[in-house]
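Notes for the one structure printed next.
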Amino acid sequence: MEEIINQQILFRFMTIEDIDGVMKVEKSAFTVPWKREAFYNELVHNQFAKYIVMTDNDQVIGYCGMWLILDEAHITNIAVLPEYRGKKLGEALLMQAKLLAMQHQAATMTLEVRVSNHVAQNLYKKLGFKPGGIRKNYYTDNNEDALVMWVNLNE
């Protein structure tokens, strides 16, 4: 799974040792961050979970988690540290997730995104995701709706 896109940026599977770095990314990106126990449980107990970290000189700068169930990949979370945003690294991270899903014979990939998060929506659209519905009051911090987006991985 290791893939280098330049001298410093590396993608690899997340390990328990990465949780501290992932927590830094998580807290920088989300108003209601997951707890470290959630990541531990995903890595140790969830047979469907696959997590990728993106590192710069061994520092975790982004991560993406997904559940691979039958022929569907569901992105649970994806985030990049603020100082690394706007450099196409989120796009590269999501591409790695799509490749991993395809390697596991997933036919579709889905995710939820805040209806107000147009930057993320534009990235997802760029990578072929299309709106598929609304989950009302999905986000617990402010009851914001989530836009459900899908992409067919076989196209």
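Computed from a predicted model, the values in this text were never measured in an experiment. Scope of the values below: all heavy atoms of this structure, side chains included, with no hydrogens, waters or symmetry mates.
Residues R85 and S28 meet the side-chain proximity criterion, which asks for heavy atoms closer than 4.5 Å. For the pair K130 and V151, the minimum side-chain heavy-atom distance is 4.5 Å or more. Between M109 and N152 the shortest side-chain heavy-atom distance does not fall below 4.5 Å. Residues N143 and K136 have side chains not in contact (no heavy-atom distance under 4.5 Å, counting atoms from C-beta outward). Contact annotation: the side chain of D18 never approaches that of F39 to less than 4.5 Å [non-hydrogen atoms, C-beta and beyond].
Y139 shares a hydrophobic cluster with Y138; the chain of contacts runs through ILVMFWY side chains whose heavy atoms sit under 4.5 Å apart. Applying the 4.5 Å side-chain rule to ILVMFWY residues, one finds W67, I69, L70 in the same cluster as F48.
Not counting sequence neighbours, the partners of Y124 by the ring pair (Phe, Tyr, Trp, His ring centres under 6.0 Å) test are F129. Scanning for side chain to side chain contact (heavy atoms under 4.5 Å, CB included) contacts around I16 gives I19, Y40, L43, V44, with sequence neighbours left out. Looking at residues two or more places apart in sequence or on another chain, you find no side chain to side chain donor-acceptor pair (under 3.5 Å) involving Q47. The side chain to side chain contact (heavy atoms under 4.5 Å, CB included) check on K24 picks up Q59, L81, with sequence neighbours excluded. Under the rule for a side chain to side chain donor-acceptor pair (under 3.5 Å), K35 has no partner lying at least two apart in sequence or in another chain. Partners of N41 according to the side chain to side chain donor-acceptor pair (under 3.5 Å) rule, which considers only residues two or more places apart in sequence or in another chain, do not exist here. D71 pairs by the salt bridge (Lys or Arg N to Asp or Glu O under 4.0 Å) definition with nothing, not counting sequence neighbours. Under the rule for a side chain to side chain contact (heavy atoms under 4.5 Å, CB included), the partners of E91 that lie at least two apart in sequence or sit in another chain are K88, L123, K126, L127.
Checking side-chain atoms of T110 against main-chain N and O of M149 turns up a donor-acceptor pair under 3.5 Å. Judged purely by atom type and a 3.5 angstrom limit, D145 uses its side chain to pair as donor or acceptor with the backbone of N137.
Hydrophobic clustering of Ile, Leu, Val, Met, Phe, Trp and Tyr side chains at less than 4.5 Å, counting indirect connections, unites L111 with M95. Hydrophobic clustering keeps V148 apart from L68 (ILVMFWY residues linked when any side-chain heavy atoms are closer than 4.5 Å, directly or through intermediates). Placement of L100 and W150 in two distinct hydrophobic clusters is found when ILVMFWY residues are connected by side-chain heavy-atom separations under 4.5 Å, directly or transitively.
In this structure, CE in M66 is found 8.5 Å from NE2 in H104, a value given to the nearest 0.5 Å. The line from NZ of K50 to SG of C64 is 13.5 Å long, rounded to the nearest 0.5 Å.
Closest approach of G133 and L147 over heavy atoms only: O-CD1, 3.4 Å. In terms of heavy atoms, F11 sits closest to A92 at CZ-CB, 3.8 Å. The minimum heavy-atom distance linking A107 with N154 is given by the pair CB-ND2, 3.5 Å. In this structure, L153 and A101 approach most closely via the heavy-atom pair CD1-CB, 3.8 Å. Minimum interatomic distance between I9 and I61 (heavy atoms only, all atoms of both residues): CD1-CD1, 3.7 Å.
Heavy atoms from other residues, nucleotides or ligands lying under 6.0 Å from CG of D58 number 12 at most.
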Anything under 3.5 Å between a donor and an acceptor, one on a side chain of residues 73-80, the other on a protein residue two or more places apart or in another chain? List them.
{"unit_1": "H74", "atom_1": "NE2", "unit_2": "E112", "atom_2": "OE1", "d": "3.2"}
{"unit_1": "T76", "atom_1": "OG1", "unit_2": "Y51", "atom_2": "OH", "d": "3.2"}
{"unit_1": "T76", "atom_1": "OG1", "unit_2": "G65", "atom_2": "O", "d": "3.1"}

Taking distance alone, no hydrogens or angles, what donor-acceptor pairs closer than 3.5 Å link side-chain atoms of residues 113-121 to residues at least two apart or in another chain?
{"unit_1": "R114", "atom_1": "NH1", "unit_2": "D141", "atom_2": "OD1", "d": "3.4"}
{"unit_1": "R114", "atom_1": "NH1", "unit_2": "N142", "atom_2": "OD1", "d": "3.2"}
{"unit_1": "R114", "atom_1": "NH1", "unit_2": "E144", "atom_2": "OE1", "d": "3.0"}
{"unit_1": "R114", "atom_1": "NH2", "unit_2": "T31", "atom_2": "OG1", "d": "3.4"}
{"unit_1": "R114", "atom_1": "NH2", "unit_2": "D141", "atom_2": "OD1", "d": "2.9"}
{"unit_1": "R114", "atom_1": "NH2", "unit_2": "D141", "atom_2": "OD2", "d": "3.1"}
{"unit_1": "S116", "atom_1": "OG", "unit_2": "E144", "atom_2": "OE1", "d": "3.4"}
{"unit_1": "S116", "atom_1": "OG", "unit_2": "E144", "atom_2": "OE2", "d": "2.6"}
{"unit_1": "N117", "atom_1": "OD1", "unit_2": "A120", "atom_2": "N", "d": "3.0"}
{"unit_1": "Q121", "atom_1": "NE2", "unit_2": "R114", "atom_2": "O", "d": "2.9"}
{"unit_1": "Q121", "atom_1": "NE2", "unit_2": "V115", "atom_2": "O", "d": "3.0"}

- Is there a side chain to side chain contact (heavy atoms under 4.5 Å, CB included) between L89 and M54 once you walk through the steps? CA-CA 9 Å; L89 294 173; M54 179 172 58; 3.8 Å; yes
- Message: Applying side chain to side chain contact (heavy atoms under 4.5 Å, CB included) to W34 and E42, what does each step give before you reach the verdict?
- Response: CA-CA 11 Å; W34 281 21; E42 286 287 279; 3.9 Å; yes
